[in-house]
Every structure is written in C-alpha cells, then in structure tokens.
Amino acid sequence: MEPVKKRFWLLDVNYEVKDHSPEIWLWGIDEENKRILIIDRSFVTYFYLVLNEDEKPETVLERVVERKSEFHYITRFEPLKRNLFGKSLDVIRVYCLDPDLIPKYSKALSKVNGVRKCLEDDIRYSMRYLIDNGMTPCGWHEVQVEVEEESKSSRIQIDKVYSAKSVPRRIEREETHPLRVLGFSIICYSQKGAPKPERNPIIILSVATNSGEEKEFLSENYDDKGLIESFIELVKSFDPDVVIGYGTNRQDWQYLLNRSRSLGINLYVDRARTEPHTSVYGHVSITGRANIDLLDFADEFPDIKVKTLENMADYLGVIKLEKRTIIEDVEFPEYWDDPNKRPILLKFAKENTRCIMGIFEALGDFAAQLSQLVGLPLDQIGRAAVGFRVEWYLTRNAYKMGELVPERTERPYIPYVGGEVLAPKPGIHENVAVLDFKSMYPNIMIEQNISPDTYISPSEPTPQSGVNLAPEVKHRFRKEPPGFYNIVLSNLIAAREDIRRRLRNLDPKGIECRVLDARQKAIKVITNASYGYAGWIGARWYIKPVAEATTAWGRSIIRNTIETAKNNGLDVIYGDTDSVFITYDQEKVEEFSKIIEKKIGLEIKPDKIYSCILFTEAKKRYCGLLPNGQMDIVGLEVVRGDWAEVAKDVQEQVLELILKERSPSKAVKFVHKFILNLRERRIPYRDLIIWKTLTKPAEGYAVKAPHVEAAKLLRKEGWDLTVGDKIGYVIVTGSGRLYERAKPYFLASYNEVDVEYYVTNQVIPASLRILSLFNIKEEDLLPPKSSATLFDFMNKD
DNA sequence: GCAGCCCTATTACCT
DNA sequence: ACAGGTAATAGGGCTGCG
C-alpha cells in the first residue's frame with residue numbers, strides 16, 4: 001500500500017514500550033474532522049555522555065564501544081560537538097532503543113573512565129520525540145501514513161488508526177475544527193466531614209457537552225453504581241476530545257476511581273480502554289483525550305482571592321455570584337434528603353457544570369496557545385508550575401541552537417538584592433503620572449546580553465569582543481555573540497509585537513482575534529516569568545550572577561531615571577522597581593520620556609495618570625483616582641484576601657469619601673455608622689469571614705495562629721485539609737488568645753461572633769490606615785455614645 | 001498576673 | 001517548586017511592677 005499524506009492537529013501524545021520497542025501514539029484530528037491515532041515506531045531516542053576536558057573523544061569512544069555488548073538496546077555511539085553554558089564540548093550521543101532502560105544505562109555509562117556525566121537522560125521519550133521533530137501539541141502537522149491493520153483498531157475508540165511512514169512535520173495553519181468538550185462535576189454524600197470514597201456515595205454527577213447536552217445522573221438509594229456506569233456510557237457515546245472539571249486532578253477523578261474500584265467497575269473513559277492515571281506534575285491523564293482541570297488555571301488570576309468555582313466563574317463573567325445558588329458542602333445531606341430541597345441541590349450541581357463550561361470558553365484558547373508555545377501537552381500545561389513552563393520553552397529552543405540541557409541539581413539558597421523601592425511622599429497629590437519601563441528585566445537581559453552562556457566568571461580572561469559590566473555587583477557578560485536568553489527573549493517580544501500589530505486590524509469579536517489574543521497572552525506569561533526563572537535555584541539554567549546582574553542594572557536605571565526627572569523639574573513622589581510616579585505636566589513628561597529612552601535605551605511610557613493619589617508612609621500601598629472616577633487601590637487592605645470584608649468595605653468607602661469628597665469628617669461619620677450597624681449585627685455574616693492559607697501541615701507551625709487552630713477544628717470534624725487550602729474562620733466571643741476564639745465559619749453562628757473584635761481589630765485599623773493622615777485617632781472613630789445607646793447599655797445590667 | 005517592649009513567625013501583597 | 005522588597009498582625013519571651 002502506498003503511504004498517503006495526512007494533516008492533523010495534535011491533541012495528545014503518549015508512548016508504549018512492548019518487548020523493548022517503543023511506539024509513539026499521536027492522537028489527533030484530521031482535516032476531515034476525524035479523530036485519528038498515528039503510531040510512529042521509528043524514533044530512536046538518546047542521551048549524551050559529556051567527556052572530561054583532558055580526554056580525547058576517540059579514546060572514550062573506544063572505551064564505551066568496547067562495552068557495547070553489556071548494553072543490548074544501545075544501537076549506536078555518535079561523537080559530537082555541543083554547547084553547555086556557551087562552551088563547546090565533546091560529547092557522545094548514545095542511541096537507545098528502549099527509552100525505559102535509559103536511567104539504568106546512563107548510570108552505568110557515567111562511571112566509564114573519561115565520562116564526566118550524562119545529560120538529557122531525564123527527558124521523557126514523548127517530549128524528546130516532539131522536540132526533535134519540531135512538533136507542538138495544539139498545532140498542525142503533516143505526515144506520510146499507512147492504515148494500520150484492523151486488530152488494533154478494535155481496542156481503540158477512534159475513527160482511524162495509522163502508522164507513520166515519515167517524520168511528522170509542523171505546518172503553519174491557524175484554524176481548527178471545534179473540539180468536542182465534555183464538562184462534569186460531582187456531589188458526594190457525607191453526613192459528617194469530608195466524603196470518603198470507601199463509604200460515601202456520589203449522589204449527583206452532572207455533565208454538559210459543548211453540543212448543548214446537559215445530564216444529571218443521580219444515585220438510587222445512595223447506590224451510585226448506575227450513576228457511574230451511565231457516566232462512562234455518556235463519555236463513550238459523546239467521545240469528547242477534552243474533558244473538563246474543577247478540582248478534578250486532586251478530587252473528582254480520585255473519587256470516581258476509588259468508587260469504581262469498590263463497586264467493581266472499570267472506569268474506561270479514555271480512547272484506549274485504560275483508566276485515568278496520575279502522571280507528570282500530578283495531572284490525571286486520560287489516554288487519547290485532554291483532561292483539563294480548570295482550577296490549575298486559577299493561579300493566572302491573582303485577583304481571585306479564594307479560588308472557588310463560583311468565584312472564578314464570577315471573575316470571568318460566566319455567571320454573576322449574586323445569581324448563583326450556593327450550597328455549602330456541609331449542607332449537601334440536608335438538601336439531598338429533603339424532597340423539597342433536593343431540586344435546589346440539583347440546580348446547584350447543574351450550575352456548577354455550566355460554570356465549568358463557561359470558564360473553559362473563556363480560557364480554552366489560552367490553554368491551547370500556552371500548550372503550543374511551551375510544547376507541553378494540553379493536559380499537562382495547566383498543571384506545570386511556571387518555572388517548568390519556562391524551562392520547557394527554553395529546552396525546545398536549546399535544541400534548535402545546539403545547546404545541551406543542563407541537569408537539575410540541588411543548590412543552597414543564597415539571596416541577592418532585588419529591585420529598588422522609594423519611600424513615598426505621604427499625603428494626597430494632584431495630577432500624578434506613572435511612567436514605567438516596558439518589560440524592564442527581559443529588556444535589560446537583551447540589552448546587556450545577560451545569559452547563562454554569556455557570563456564570564458571572575459577567573460576567566462576578558463573576551464576580545466568586550467564585556468558588559470554590571471553596576472554594583474560587577475558581573476561580566478560577553479558582548480558577542482548574542483546569548484541564549486537574548487535570542488529567546490528577543491523572539492518572544494518580537495512575536496508578541498507582531499501579533500499585537502495584526503490584532504489592530506482584526507474584528508475584535510472574530511475567532512481569529514480570540515486565538516491571537518490568547519497567543520499574545522501566552523507569550524506575555526512566558527516572557528514575564530523569565531527573570532524569575534533566572535533567579536530560581538531549582539532552574540536547570542540557574543546562574544546566580546544572571547539574576548543578580550539583571551536587578552543591579554534595574555536599580556541603576558531607576559535611580560538614573562529619578563535623577564533625570566528631578567533635573568527636568570519633575571517632582572518624584574514614589575517609585576518601585578521599574579516605575580516612577582511624577583507630577584504630571586504633559587510637555588515636560590513627553591520630553592522626559594524622550595530623554596530617558598535616549599539615555600538608557602529602554603522604552604518608558606506613561607501607564608496611568610491619576611487626577612489625585614493618596615500615599616501613607618508605607619511603600620507598596622496607595623490609592624489613586626483615575627480621571628474617569630475609578631479608584632485604583634494598590635496593596636491596601638481593600639485588595640488583600642486576609643482581611644474580613646467588613647474592614648475592606650469600610651476602607652474603600654473611606655478612600656472614596658477622602659479622594660472624591662475630600663471630607664475626613666464625612667469619612668469619620670461613615671465609620672461611626674458602620675460600627676453601630678456592625679454592633680447590631682446588621683452586616684451579613686459572610687462579611688465577617690477571614691480567609692487565610694494553610695501553608696504547611698497544621699503541626700508544622702512554630703506558633704499558634706487563629707487559622708491553624710480553625711484548621712485543626714475542621715480536621716477534628718472529619719475534613720481533610722492539605723497545604724494550600726484556604727481556611728475561612730470567624731472570631732467568636734470568649735476569653736483567651738485569638739487563636740482560642742477562631743472557628744471555621746460554617747461551624748459557628750452569628751450570635752457567637754465577637755463583633756467587638758471586628759470593630760477593634762478589623763474596621764478601626766483599616767480605617768485608621770487612611771484617616772491617620774488627617775490626624776484622626778482611634779477614639780475619634782468609635783461612635784459617640786448617644787443617650788439612647790448609653791441608656792440601652794445601662795439597662796442591660 | 002499583666003502591661004509594655006521587642007523580636008519572630010506568618011501571610012499576602014507589589015513590581 | 002519563578003525573584004526580592006515590603007507591610008502588617010499576632011504570638012511569645014522577657015522585664016518590671018508591691
């Protein structure tokens with residue numbers, strides 16, 4: 001049979017090894033909108049032996065070739081030149097048929113005389129395949145294929161199985177067929193504490209598809225066997241490309257798997273008759289489909305303080321919080337068992353799934369673009385930490401440039417100096433412009449050619465091309481040739497600029513615009529994380545002077561900028577790392593920008609202009625009023641997630657009265673009234689909840705703290721808590737330390753709450769933060785005792 | 001026993 | 001499991017106090 005040309009969009013990749021022969025499985029969608037599997041048996045993987053500098057490559061080659069018989073699945077040794085941190089090295093590339101034997105082989109071969117170490121022996125086979133062939137998940141490719149014999153196709157749920165007869169090649173093509181997306185959420189039944197799959201059933205499994213189907217499977221008399229079977233059946237018949245949920249990696253899939261196991265069901269929801277399994281970065285993999293946990297993308301939105309499904313949906317404009325039916329976990333049994341309330345629980349479950357579908361609509365393009373840019377499969381990209389995303393992007397580029405990927409090593413943490421922060425001038429300032437340097441750190445790295453491979457250690461002689469010498473820290477970087485980071489960052493910045501240019505001429509509502517906008521966002525995320533990556537001790541390409549020199553240049557630039565502003569008659573009010581806050585005078589500011597760009601070589605632009613701005617004495621905390629009347633609150637309690645809503649609301653009102661009405665007295669009166677309301681418990685209970693993250697196991701704390709004690713109470717009630725969970729608690733009346741009076745909010749009632757704590761420790765400090773600028777004292781904020789309240793007070797005894 | 005002081009642990013923010 | 005710089009609170013140890 002003649003091979004035919006096949007074009008396909010790559011959804012997922014996995015590999016299998018049978019009798020030491022590996023197969024790459026490429027799951028894709030072809031031009032006819034068919035789901036296809038292409039099996040490639042031709043790719044031989046490899047790793048490198050790095051040789052000692054005093055050794056001749058031929059000698060070491062002889063030594064390893066001599067021992068080849070010990071390594072049955074090694075096919076070839078290939079001497080090559082490669083770069084490591086910019087230095088040319090002699091290496092031997094060791095080709096190995098069975099990827100699973102590489103750890104064993106590399107360990108043995110690293111002990112051969114003349115071999116310094118092995119490199120790239122820790123790159124997964126499937127990633128090696130994609131990188132070496134220039135392939136990207138969520139991108140189009142072209143390959144010669146033959147139809148695979150029928151025997152295999154029976155096990156695989158797919159339109160057609162092919163075997164690759166050529167190396168797949170990436171092709172440029174933007175449009176995609178619409179993916180089939182299935183979203184689901186579950187509700188479990190537990191009378192007390194967290195549901196346990198060994199004993200508590202799933203009572204509702206709610207499913208939706210992007211073809212508009214919605215289904216709710218219910219348990220019958222707390223028996224969820226039929227529910228799970230119906231779910232499996234639906235997945236099979238709809239045959240989704242993408243499966244989505246919220247918290248599914250850690251929760252739902254584990255629960256479903258454990259329930260299935262105890263009920264004797266095989267949870268076959270993939271395309272190859274295997275069960276979901278946990279894999280790299282802790283993502284749950286469903287062979288042939290992309291399983292996406294939208295919770296993994298919540299980190300992209302720091303404005304969402306408590307990362308619940310409803311908060312994320314609210315933030316992304318899927319469904320407003322006020323319109324949602326919210327039922328706490330503790331209430332599930334009550335709602336399920338009461339026939340009058342059950343419909344509300346069903347509605348809640350359905351809304352959860354709708355939120356999931358809506359969030360994916362808002363984020364799916366971004367996820368796919370990030371996956372394509374970084375090169376990690378769609379089901380892994382969300383789960384991979386920022387550092388690993390950057391690292392995979394670098395790894396791909398290193399391959400193209402003949403740079404070896406360094407090994408991951410443990411290093412001691414030694415801090416270095418970061419950005420410069422100015423003490424602000426306290427008070428209210430009129431007409432203030434904020435100018436900031438665009439992508440300051442990446443641009444410094446480019447401008448000064450800062451990179452792991454351009455760094456010249458103190459022991460090395462100055463290269464002929466000369467060096468850039470960092471201020472203060474005196475690290476040196478060769479001027480020529482352009483470094484690894486220089487090239488990679490220049491490409492990223494140029495690509496983003498290009499996209500933004502194209503976007504200007506497109507219909508903002510069009511599909512092309514959505515995809516391009518998602519792509520430029522993905523590029524921005526990787527670009528912005530590059531400096532942090534460079535300073536991360538866990539980074540493969542970590543060289544401390546790289547990060548240290550970048551911030552040193554940054555400090556020098558901002559100081560220079562401040563000096564220049566002053567010399568040009570501009571008053572500098574504040575500055576942080578890459579920004580300066582100056583008095584706004586259009587002509588002077590324009591002139592100033594030009595001078596700076598000329599002097600420093602980096603672009604500086606007015607980001608915002610405030611009609612007025614308020615600073616206390618603290619750095620990193622201010623509130624500016626934009627010309628449209630909108631308030632921009634930075635760093636203050638209002639934007640913090642660990643203050644009760646009461647404190648945040650009052651502070652925001654105070655700021656408004658101060659900045660818009662310029663009336664401290666109105667602000668004081670407002671606080672008085674608020675405190676009276678609070679004491680009367682006329683403020684919603686949920687506004688009293690304080691949320692704090694559990695950052696270590698409850699026992700690991702050196703001191704007792706309210707949220708930790710609240711967490712212990714939760715655990716006693718049977719709730720599982722893990723590091724990273726947010727604990728919502730309230731302070732109740734009683735004696736002793738605060739931590740003795742903290743209670744999880746859903747285990748306490750409003751009449752137990754110590755409202756005086758909220759007056760003294762929440763509302764007053766948050767208000768005073770602003771009002772002390774106007775000489776207002778704590779006493780001034782407590783409501784004056786009117787005769788009525790005094791009377792009430794005396795009557796109480 | 002507790003107010004006052006100082007230091008430390010902890011969290012969440014800014015760029 | 002991307003960086004350092006910063007503010008703020010509560011805990012906890014200590015001193016001094018009839």
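Chain letters run A, B, ... following the sequence lines, proteins first and then strands; every chain starts at 1.
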Under 4.0 Å, counting only non-hydrogen atoms across every strand here, what does A/Lys544 touch: a base, just sugar-phosphate, or nothing? nothing
Where the side chain of A/Tyr413 is defined as all heavy atoms beyond and including C-beta, which of B/dC14, C/dA10, C/dG4 is the nearest nucleotide? C/dG4
Assert yes or no for the condition that the ring centre distance of A/Tyr745 to A/Tyr729 is strictly below 6.0 Å. no
What integer distance in Å separates A/Ile444:CD1 from C/dG4:P? 16 Å
Does a nitrogen or oxygen in the side chain of A/His707 sit under 4.0 Å from OP1 or OP2 of B/dT10? no
Please work out if A/Tyr542 contacts a base, only the sugar-phosphate, or nothing of the nucleic acid, heavy-atom cut-off 4.0 Å. nothing
Classify the nucleic acid contact of A/Thr550 as base, sugar-phosphate or nothing, counting any heavy atom under 4.0 Å across all strands shown. nothing
Rounded interatomic separation in angstrom, taking CG from A/Leu394 and P from C/dC2: 14 Å
How long is the line joining CD of A/Glu420 and C1' of C/dG5, in whole Å? 11 Å
Gap between atoms OH and C1', on A/Tyr281 and C/dC2 respectively (whole Å): 14 Å
Figure out the NZ/P separation between A/Lys692 and B/dA9, and round it to whole Å. 17 Å
At 4.0 Å (heavy atoms only), tell me whether A/Ala547 reaches a base, stays on the sugar-phosphate, or touches nothing. nothing
Has A/Lys425 got its NZ or CZ under 6.0 Å from the middle of the six-membered ring of A/Tyr574, at an angle within 45 degrees of the ring axis? no
Taking only side-chain N and O atoms of A/Tyr416, does any of them lie within less than 4.0 angstrom of OP1 or OP2 on C/dG5? no
Side chain of A/Thr695, heavy atoms from C-beta onward: which of C/dA3, B/dT11, C/dA7 has the nearest atom to it? B/dT11
Any side-chain N or O of A/Lys648 less than 4.0 Å from the OP1 or OP2 oxygen of B/dA12? no
Write down the distance between CG (A/Leu492) and P (C/dC2), rounded to a whole number of angstrom. 18 Å
Here the residues of residues 756-770 of chain A within 4.0 Å heavy-atom distance, strictly under, of DNA chain C are A/Tyr757, A/Asn761, A/Pro765, A/Arg769
Would you indicate what A/Gly532 reaches in the nucleic acid, counting non-hydrogen atoms under 4.0 angstrom: base, sugar-phosphate, or nothing? base
Is any side-chain nitrogen or oxygen of A/Lys696 closer than 4.0 Å to OP1 or OP2 of B/dT10? yes
Within the 4.0 Å heavy-atom criterion, would you say A/Gly538 contacts the bases, only the backbone, or no part of the nucleic acid? nothing
Within the pair A/Tyr701 and B/dT11, is there a side-chain N or O less than 4.0 Å away from OP1 or OP2? yes
Using a heavy-atom cut-off of under 4.0 Å over every strand shown, decide if A/Arg640 touches base, sugar-phosphate, or nothing. base
Closest to the A/Pro706 side chain, choosing from C/dG11, B/dC13, B/dA12: C/dG11
How close or far is atom C1' of C/dA1 from atom CD of A/Glu410, stated in whole angstroms? 12 Å
Is the phosphate of B/dA12, meaning OP1 or OP2, less than 4.0 Å from a side-chain N or O of A/Thr693? yes
What is the nucleic acid contact for A/Trp643, judged by heavy atoms within less than 4.0 Å: base, sugar-phosphate only, or nothing? sugar-phosphate
For a quick check of understanding: with a heavy-atom distance under 4.0 Å over all strands, which category does A/Val703 fall into, base, sugar-phosphate or nothing? sugar-phosphate
Provide, to the nearest angstrom, the distance between the CG atom belonging to A/Leu636 and the C1' atom belonging to C/dA8. 12 Å
As a test of reading the structure: which of C/dG12, C/dT6, B/dC13 is closest to the side chain of A/Lys704, going by heavy atoms? C/dG12
Between A/Val723 and A/Leu694, is any pair of side-chain heavy atoms under 4.5 Å apart? no
Within the 3.5 Å criterion, strictly below it, is a donor on A/His283 or A/Asp379 matched to an acceptor on the partner's side chain? yes
Using a heavy-atom cut-off of under 4.0 Å over every strand shown, decide if A/Phe388 touches base, sugar-phosphate, or nothing. base
Please figure out whether A/Trp536 or A/Val421 has its closest DNA chain C nucleotide nearer the 5' end. A/Trp536
When you get a sec, tell me which of C/dA8, B/dC13, C/dG5 is the closest nucleotide to the side chain of A/Glu637? C/dA8
Any side-chain donor paired with an acceptor under 3.5 Å for A/Asp576 and A/Ser579? no
With respect to the phosphate group of C/dT6, does any side-chain polar atom (N or O) of A/Lys620 fall under 4.0 Å of OP1 or OP2? no
Identify whether the distance between the nearest side-chain nitrogen and carboxylate oxygen of A/Arg679 and A/Glu756 falls below 4.0 Å. yes
With a non-hydrogen cut-off below 4.0 angstrom, is A/Ala385 in contact with a base, only sugar-phosphate, or nothing? sugar-phosphate
Just by distance, with hydrogens left out, do A/Asp632 and A/Tyr610 show a side-chain donor and acceptor under 3.5 Å apart? yes
Counting the atoms with a prime plus P, OP1 and OP2 as sugar-phosphate, which does A/Tyr622 contact under 4.0 Å by heavy atoms, base, sugar-phosphate, or nothing? sugar-phosphate
What about the rings of A/Phe484 and A/Trp541, do their centers lie closer together than 6.0 Å? yes
Heavy atoms from C-beta onward define the side chain here; which of B/dC13, C/dA7, B/dA12 lies closest to that of A/Lys619? C/dA7
Would you tell me whether A/Thr564 and A/Lys599 have side-chain atoms, one donor and one acceptor, within less than 3.5 Å of each other? yes
How many angstroms lie between atom CH2 of A/Trp553 and atom CD of A/Glu472, to the nearest 0.5 angstrom? 11.5 Å
